[in-house]
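Worksheet: one structure, shown below.
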There are 2 protein chains.
Amino acid sequence: MKEKRSLETVERRISEFFLHNRRMPTYSEMTDLLGVRSKSVVHFWVKKLMAKGVLERDSKGFLKPLRRSLLLPLVGEIQAGFPSPVEEELRDVISLDEYLITRPVSSFILKVSGDSMIGEGIKPGDLVIVEKGREPKNGDVILAQVDGEWTMKYFTKRGGRIILESANEKYPPIRPKEELRLGGIITAVIRKYHR
Amino acid sequence: MKEKRSLETVERRISEFFLHNRRMPTYSEMTDLLGVRSKSVVHFWVKKLMAKGVLERDSKGFLKPLRRSLLLPLVGEIQAGFPSPVEEELRDVISLDEYLITRPVSSFILKVSGDSMIGEGIKPGDLVIVEKGREPKNGDVILAQVDGEWTMKYFTKRGGRIILESANEKYPPIRPKEELRLGGIITAVIRKYHR
DNA sequence: TTGACAATAGAACGAACGTTCTATTAGGAT
DNA sequence: ATCCTAATAGAACGTTCGTTCTATTGTCAA
């Protein structure tokens, strides 16, 4: 099962290592990744990869994670035309983790069931990121307890009175009489197509 | 601006360091993070954090990234009831990067404009992850070129004939006469609420 | 003020890191 | 076959890492 060594396979293996270990491998560990027995050979390959711009070091001299391992190229909007692979290289890259999660400690992920927010494009089976402890603004999608059950609603506050509305005509608006039991604000929606 | 040192602040600062540098800090670097002058003090704090279960080491002895910094707790479905903080600890955690991106090299992110897939819960402004070079199955949402413009459609193939349908009544189904220009398959949808 | 204990500083140490060096092997061209 | 170059192995080296030790400082109670 020995695969031919090339810049691409080395890049991919390092990328996989980072994905699993969340850190870059040491030179000793890279001997296994490359299938060689000497650190000097690793040094040889790392130098080559750095010359190609595939690998980089940070200000402290540590190897930076590969761009490809956690970042994805973000290309333009659909109707602006489909960019060529060459164009893609020039675009921005984003990390989904960093993009989606601004406050990791106070956030959690919830799997959606029910269709109360279907009009907002939040479907059963989707994942939503919920951030706790933030004051909701009008129009925010929030997680709230209604009749002892947790559900998602649009939040509106007018003149001190709170209205919770669904994005689905099946469910009538709710005007909670007492205090509102607030689970958090929906900050992101994630849907993965099964594969 | 000197903040009182506590387990929580130390945890947060390490978390921030990892978010920016994509690696855990060295003890020397942690002296700055903690505002102390000796590595032995860092060792003292790290030991304390490890006893609390906040920090961990991997099999090689390297400090693992904090769970909170890239992983989020995944709690149950909404209608199953809202879990308490205690329950949350027992649930799974997921990394959005790993969850969403199965093939990093052949994927890219696209910002959606247009409402052709609104019925599928894909709205203008959403981000979609597109995977290139995969054969679409019936019912898949794909990125395809129609009349020189790239757009998203449902893919259906019946008896050798391909039908592209929108999730929006405004747009009629399309039966491409010649070869289909396929951009890729939509593998995920991401929406972030502005904040 | 004194004593007890926790927190910190600073030096010293072994281990592992990345680098560099020389020697050997492999492959292709002449 | 011979030469030339690229790739590899293995050893040696300096640096930095994390750890451990002792000494000093700070804090609170008696």
Side-chain angles (χ1 to χ4, degrees), chain A residues 1-70, chain B residues 1-70:
Chain A
M1 200 66 239
K2 187 156 180 194
E3 192 176 351
K4 192 181 173 302
R5 205 150 46 240
S6 70
L7 284 175
E8 285 71 28
T9 60
V10 170
E11 181 182 359
R12 208 195 63 243
R13 291 186 180 184
I14 294 177
S15 195
E16 285 167 1
F17 184 96
F18 181 82
L19 219 56
H20 289 111
N21 300 86
R22 297 202 167 276
R23 63 173 174 86
M24 292 299 276
T26 66
Y27 279 28
S28 302
E29 288 167 327
M30 281 198 239
T31 59
D32 293 332
L33 294 183
L34 306 196
V36 297
R37 306 177 58 187
S38 174
K39 287 192 296 178
S40 61
V41 182
V42 174
H43 185 259
F44 173 82
W45 279 90
V46 169
K47 206 168 57 183
K48 194 188 284 188
L49 286 165
M50 283 180 41
K52 285 262 181 182
V54 174
L55 278 179
E56 289 179 26
R57 296 187 182 282
D58 63 16
S59 56
K60 270 283 228 167
F62 292 102
L63 284 179
K64 277 195 203 173
L66 296 179
R67 307 202 139 186
R68 285 289 167 82
S69 48
L70 274 185
Chain B
M1 199 66 237
K2 188 156 181 193
E3 191 175 351
K4 191 180 174 304
R5 203 152 46 243
S6 70
L7 284 174
E8 286 70 28
T9 61
V10 170
E11 181 183 358
R12 208 194 64 243
R13 290 185 181 187
I14 294 177
S15 195
E16 285 168 1
F17 185 97
F18 182 83
L19 221 56
H20 289 111
N21 299 87
R22 296 197 166 279
R23 63 173 174 84
M24 293 299 277
T26 66
Y27 279 29
S28 301
E29 288 167 329
M30 282 198 238
T31 59
D32 293 332
L33 294 182
L34 306 196
V36 297
R37 305 177 59 185
S38 175
K39 288 192 296 178
S40 61
V41 183
V42 174
H43 184 260
F44 173 82
W45 279 90
V46 169
K47 206 169 56 183
K48 194 187 285 189
L49 286 166
M50 283 180 39
K52 285 261 180 183
V54 174
L55 278 179
E56 290 179 24
R57 297 187 182 281
D58 63 16
S59 55
K60 271 282 232 167
F62 292 101
L63 284 179
K64 277 196 204 173
L66 296 180
R67 306 203 136 192
R68 286 289 165 82
S69 49
L70 274 184

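A quick note: this is a predicted structure, and the numbers were derived from the prediction, not measured. Each chain gets a letter, A, B and so on, in the order the sequences are listed, and its residues count up from 1. Atoms considered below: every heavy atom in the structure, side chains included; atoms not considered: hydrogens, waters and symmetry mates.
- Here the OG1-CE distance, from B/Thr26 to B/Met24, works out to 11.0 Å after rounding to the nearest 0.5 Å.
- Remark: the backbone N or O of A/Lys60 is paired with a side-chain donor or acceptor of A/Asp58 at under 3.5 angstrom.
- Across every non-hydrogen atom of B/Leu33 and B/Pro25, the tightest pair is CD1-CG, 3.9 Å.
- C/dC5 atom P lies 15 Å from atom CZ of B/Phe44, rounded to whole Å.
- Residue B/Arg37 has a polar side-chain atom (N or O) positioned under 4.0 Å from OP1 or OP2 of C/dG10.
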Open item on the list: Checking A/Arg57 against A/Phe62 for the side-chain contact (heavy atoms from CB on, under 4.5 Å) test, could you report, in this order, the C-alpha distance in whole Å, the side-chain angles of both residues, the deciding distance, and whether it holds?
Closed with: CA-CA 5 Å; A/Arg57 296 187 182 282; A/Phe62 292 102; over 6 Å; no
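- The side chain of A/Trp45 contributes no N or O atom lying less than 4.0 Å from OP1 or OP2 of D/dA7.
- Between B/Glu29 and B/Lys39 there is no salt bridge, since none of the side-chain N atoms of the basic residue sits less than 4.0 Å from a carboxylate O of the acidic one.
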Open item on the list: For a quick check, with a 4.0 angstrom heavy-atom cut-off, what is the B/S/- contact string for nucleotides 16-23 of chain D, read 5' to 3'?
Closed with: -BBBBB--
